[in-house]
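The structure displayed is predicted, hence computed values, not measured ones. Values below: all heavy atoms of this structure, side chains included; hydrogens, waters and symmetry mates excluded. Residue numbers begin at 1 in each chain, while the letters A, B, ... track the order of the sequences.
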Amino acid sequence: MRMSQLFGRTLKEIPSEAEISSHQLLLRAGMIHRLVVGMYSYLPLAYRSIRKIEQIIREEMNAIGGQEINMPLVHPAELWQESGRWQSLAGKELAGFTDRFDRQLVLAMTHEEAVTDLARNIINSYRQLPCQLYQIKLKFRDELRPRAGLIRVREFVMKDAYSFHTSQADLDQYYDQIHQAYLNIFHRAGIDVVVVDSDTGMIGGSAAHEFMLVCESGEDNLILCSECNYTANAEVAVFQKPETETQPLQPLVEVATPGQQTIEEVATFLGVKKNQTLKAVFYTTSEGETVFVVIRGDLEVNQTKLVNALGSEVRIASAEEVSANNLVAGYASPIGINAHRAGLASIKIVVDESVTTTTNLVAGANKVGYHLKNANYPRDFQADIVTDLALAEEGSTCVKCGGQLSLKKGIEVGNIFKLGTKYSEAMKATYLDQNGKAQPIVMGCYGIGVGRLLASVVEANHDEHGIIFPKSIAPYQIHLMHIGKGQEVADTAEKLYADWMEQGLEVLYDDRSESPGFKFKEADLIGLPLRVTVSQKTVSADSVEIKHRDHIDRELVRIDDFDPNPNQVEDRLL
RNA sequence: CGAGGCGUAGCGCAGUCUGGCAGCGCAUCUGCUUUGGGAGCAGAGGGCCGCAGGUUCGAAUCCUGCCGCCUCGACCA
């Protein structure tokens with residue numbers, strides 16, 4: 001490709017809309033263009049990379065028996081009602097429209113429903129199982145707040161794969177194969193990922209893992225053990241809660257704590273540690289019910305764990321909801337709460353297990369200015385649910401090995417789910433087993449955000465001058481240019497370009513008469529793996545100058561000795 | 001949806017407080033010179049100053065409403 005013909009324009013300055021490196025560089029290199037927030041056009045250079053990423057994905061999915069298909073972008077709303085997801089997603093991430101016949105249609109945000117419909121129509125027998133289908137397909141998600149360029153967008157291409165099995169055991173072993181295929185894909189694309197335990201969220205199922213690029217601009221919080229292999233999304237991370245010395249139970253005593261509302265204040269005022277206090281936090285469920293959450297003062301509530309314990313979405317209760325429930329902010333506790341709230345509907349009490357193993361805690365007295373000392377579970381209060389609700393943090397202790405956990409940011413580039421029979425049961429996708437008996441198909445689903453992967457590769461592979469593309473997904477392998485005056489220089493470059501094109505090499509040829517500095521800067525910005533320069537100096541030595549994007553040094557090589565085939569040139573990034 | 005910030009040429013910005021010819025740099029076009037790290041000179045084109053209404057002799061500037069963009073939060077692959 002001649003750069004004089006290439007569609008796209010590089011920018012010297014960073015567009016004000018871009019905050020993170022990948023967004024800035026993709027914009028500056030003229031690779032992407034925003035139509036509106038969360039919707040991007042891919043220009044020729046970026047789209048070549050995208051196609052290479054897709055090809056890597058195809059190869060790895062095909063290698064484990066995947067068959068590529070293509071399902072519709074627009075679905076009838078009934079399909080989503082049938083799976084039961086309509087209720088929680090319609091009008092949120094799931095956007096739609098009404099057609100001229102007044103039928104309700106939705107834009108697919110994922111394809112579990114569509115593929116389950118396909119499976120129930122095509123799969124009848126255990127003989128057809130297991131199988132795996134995948135597609136590389138547009139999705140639309142009506143995100144509240146798209147951000148960070150290609151990282152979180154509303155319209156995006158996703159590789160989504162679905163596998164079908166006769167048993168959980170068969171799914172389990174295939175899940176491991178998918179896991180390995182994903183590691184291969186990300187490695188080949190040029191990034192190192194960390195696989196973490198994750199929440200199953202709106203997709204559902206029994207287990208899930210996320211593939212994360214650890215990087216500062218990520219929006220997920222990861223908990224990683226420094227000693228062993230424990231890794232988890234902070235949403236689900238478990239940890240060893242600091243233990244406190246068990247003491248003989250003391251009788252409840254009311255103490256005046258005027259103006260002391262926060263855990264910090266109360267602990268300091270009474271001269272106890274934060275882990276000797278009891279924290280009360282209020283949430284409201286999507287059904288409008290207020291929930292009273294109790295956790296030890298040194299710990300924070302993990303909202304995802306709470307949602308999973310309740311089986312309902314929650315948000316922090318508003319001040320109005322707290323007072324309407326006759327809860328005294330700053331002084332609330334579960335002790336005597338029913339008597340205190342006499343006349344109101346009973347409130348659900350959810351207790352973190354830490355509270356049940358700690359003795360003689362300081363708790364609120366349900367009246368302004370007073371706390372209770374020596375609160376003990378279950379002597380003084382009861383719970384509707386006791387479970388792990390605590391949020392793992394930097395420095396928490398690993399449950400597996402006792403090592404120290406650290407908190408890192410990450411970009412989720414892929415995820416894998418064991419769906420089990422969630423969709424097949426809801427949508428009656430069954431097969432006949434060896435005994436002629438109908439059984440629900442056991443399913444798994446697996447996603448990779450293609451555009452997000454491109455952005456992640458750039459995020460992980462760049463320097464202050466620009467992108468450093470791995471060979472595997474570089475738009476072109478060679479950035480050829482001529483610099484300086486002289487017909488012989490231009491002719492030599494033209495000849496090399498013609499020869500290499502004939503050999504089928506991927507060459508981006510800067511045939512413009514710009515200054516050397518301009519061309520070098522632009523080459524660094526675009527970041528192709530190998531730069532080949534023709535100048536007076538090189539021509540007079542029958543040579544070209546080569547420079548690898550990820551090296552500093554340059555090298556003169558005789559043209560006759562130079563094999564530009566990417567497999568022949570030094571291979572650092574794969 | 002809550003908080004904060006910002007909308008002026010393709011990109012980056014000044015001008016807004018204190019109303020009075022719409023500017024600068026980069027990019028683009030023409031010509032000449034230049035050619036190893038985003039060249040120089042001369043000239044040219046490009047604007048509904050986010051949109052609508054209001055105040056005023058006069059509005060980019062003041063007032064009202066709306067829209068869009070960015071960041072944080074909420075939420076979420």
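Pairing for B:A14 is absent, judged as Watson-Crick or G-U wobble with the two contacts each under 3.5 Å. B:C76 is unpaired under the criterion used here, namely a Watson-Crick or G-U wobble arrangement in which both key atom distances are under 3.5 Å. The pairing partner recorded for B:A9 is none, the criterion being a Watson-Crick or G-U wobble arrangement whose two distances lie under 3.5 angstrom. Base pairing of B:G19 is not made with any nucleotide, judged by Watson-Crick or G-U wobble geometry with both donor-acceptor distances under 3.5 Å. The nucleotide B:U28 finds its pairing partner in B:A44, both defining distances of the Watson-Crick or G-U wobble pair being shorter than 3.5 Å. In this structure, B:G4 forms a base pair with B:C70, meeting either the Watson-Crick or the G-U wobble geometry with both donor-acceptor distances under 3.5 Å.
If you look at A:Tyr509 and A:His479, their ring centroids are not closer than 6.0 Å.
Checking B:C76, B:U71, B:A77 against the side-chain heavy atoms of A:Val153 singles out B:A77 as nearest. The side chain of A:Lys537 lies closest to B:G36, out of B:C75, B:G36, B:U71. Out of B:U35, B:G37, B:C11, the shortest distance to the side chain of A:Ser515 is found at B:U35. Checked against B:A74, B:A77, B:C76, the side chain of A:Leu144 finds its nearest nucleotide in B:A74. In this structure, of B:G38, B:G36, B:A77, it is B:G38 that holds the atom nearest to the side chain of A:Thr10.
Side-chain N/O atoms of A:Ser16 include one lying less than 4.0 angstrom from OP1 or OP2 on B:G12. Side-chain nitrogen and oxygen atoms of A:Arg152 include none within less than 4.0 Å of the OP1 or OP2 phosphate oxygen of B:C75. For the OP1/OP2 pair of B:U35 and a distance below 4.0 Å, the side-chain nitrogens and oxygens of A:Lys485 include at least one atom meeting the criterion. Close to B:A77, at under 4.0 Å from its OP1 or OP2, lies no side-chain N or O of A:Arg154.
Neither side chain, A:Asn415 nor A:Glu210, offers a donor N or O lying under 3.5 Å from an acceptor on the other.
Between the C1' atom of B:G37 and the CD1 atom of A:Ile552 lies a distance of 14 Å, rounded to the nearest Å. Nucleotide B:G36 holds its P atom 12 Å from the NZ atom of A:Lys519, rounded to whole Å. Spacing between atom CD of A:Glu19 and atom P of B:G5 amounts to 16 Å, rounded to whole angstrom units.
Nucleic acid contact class of A:Glu143 (heavy atoms, under 4.0 Å, all strands): base. As judged by a 4.0 angstrom heavy-atom cut-off over every strand, A:Glu219 is placed among residues making no nucleic acid contact. No contact: A:Leu27 has no heavy atom under 4.0 Å from any strand.
Using bins of under 30°, 30° to 60° and over 60° for the plane-to-plane angle, the ring pair A:Tyr446/A:Tyr182 lands in the perpendicular bin. In this pair, A:Phe211 and A:Phe186 present their aromatic rings tilted. The plane angle is within the 30 to 60° band. The aromatic rings of A:His548 and A:His551 sit tilted relative to each other, their planes meeting at an angle between 30° and 60°.
The ring of A:Phe156 lies on top of the base of B:A77, close enough and flat enough: under 5.5 Å between centres, under 30° between planes.
When all heavy atoms are compared, the tightest approach of A:Leu213 to A:Ser456 is CD2-O, 3.4 Å.
In terms of the salt bridge (Lys or Arg N to Asp or Glu O under 4.0 Å) criterion, A:Glu54 has no residue partners (sequence neighbours excluded).
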Is there any protein nitrogen or oxygen under 3.5 Å from a nitrogen or oxygen in nucleotides 24-31 of chain B, and what are the pairs?
unit_1, atom_1, unit_2, atom_2, d
B:G25, N2, A:Glu13, OE1, 3.0
B:A27, O2', A:Arg9, NH1, 3.4

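Residue pairs meeting the salt bridge (charged side-chain N to carboxylate O under 4.0 Å, His left out) criterion with at least one partner in residues 146-158 of chain A, sequence neighbours excluded, are A:Asp142-A:Arg154, A:Glu143-A:Arg152, A:Arg147-A:Glu219, A:Arg152-A:Glu219.
Side-chain contact check for A:Leu391 versus A:Leu299: every heavy-atom pair is 4.5 Å or farther apart.
When the nearest nucleotides of RNA chain B are assigned to A:Arg554 and A:Asp220 by heavy-atom distance, the more 5′-ward of the two goes with A:Arg554.
A donor-acceptor contact under 3.5 Å links the side chain of A:Ser535 to the base of B:G36. At a cut-off of 3.5 angstrom, counting only N and O atoms as typed in the model, there is a donor on one side and an acceptor on the other between the side-chain of A:Arg531 and the base of B:G37.
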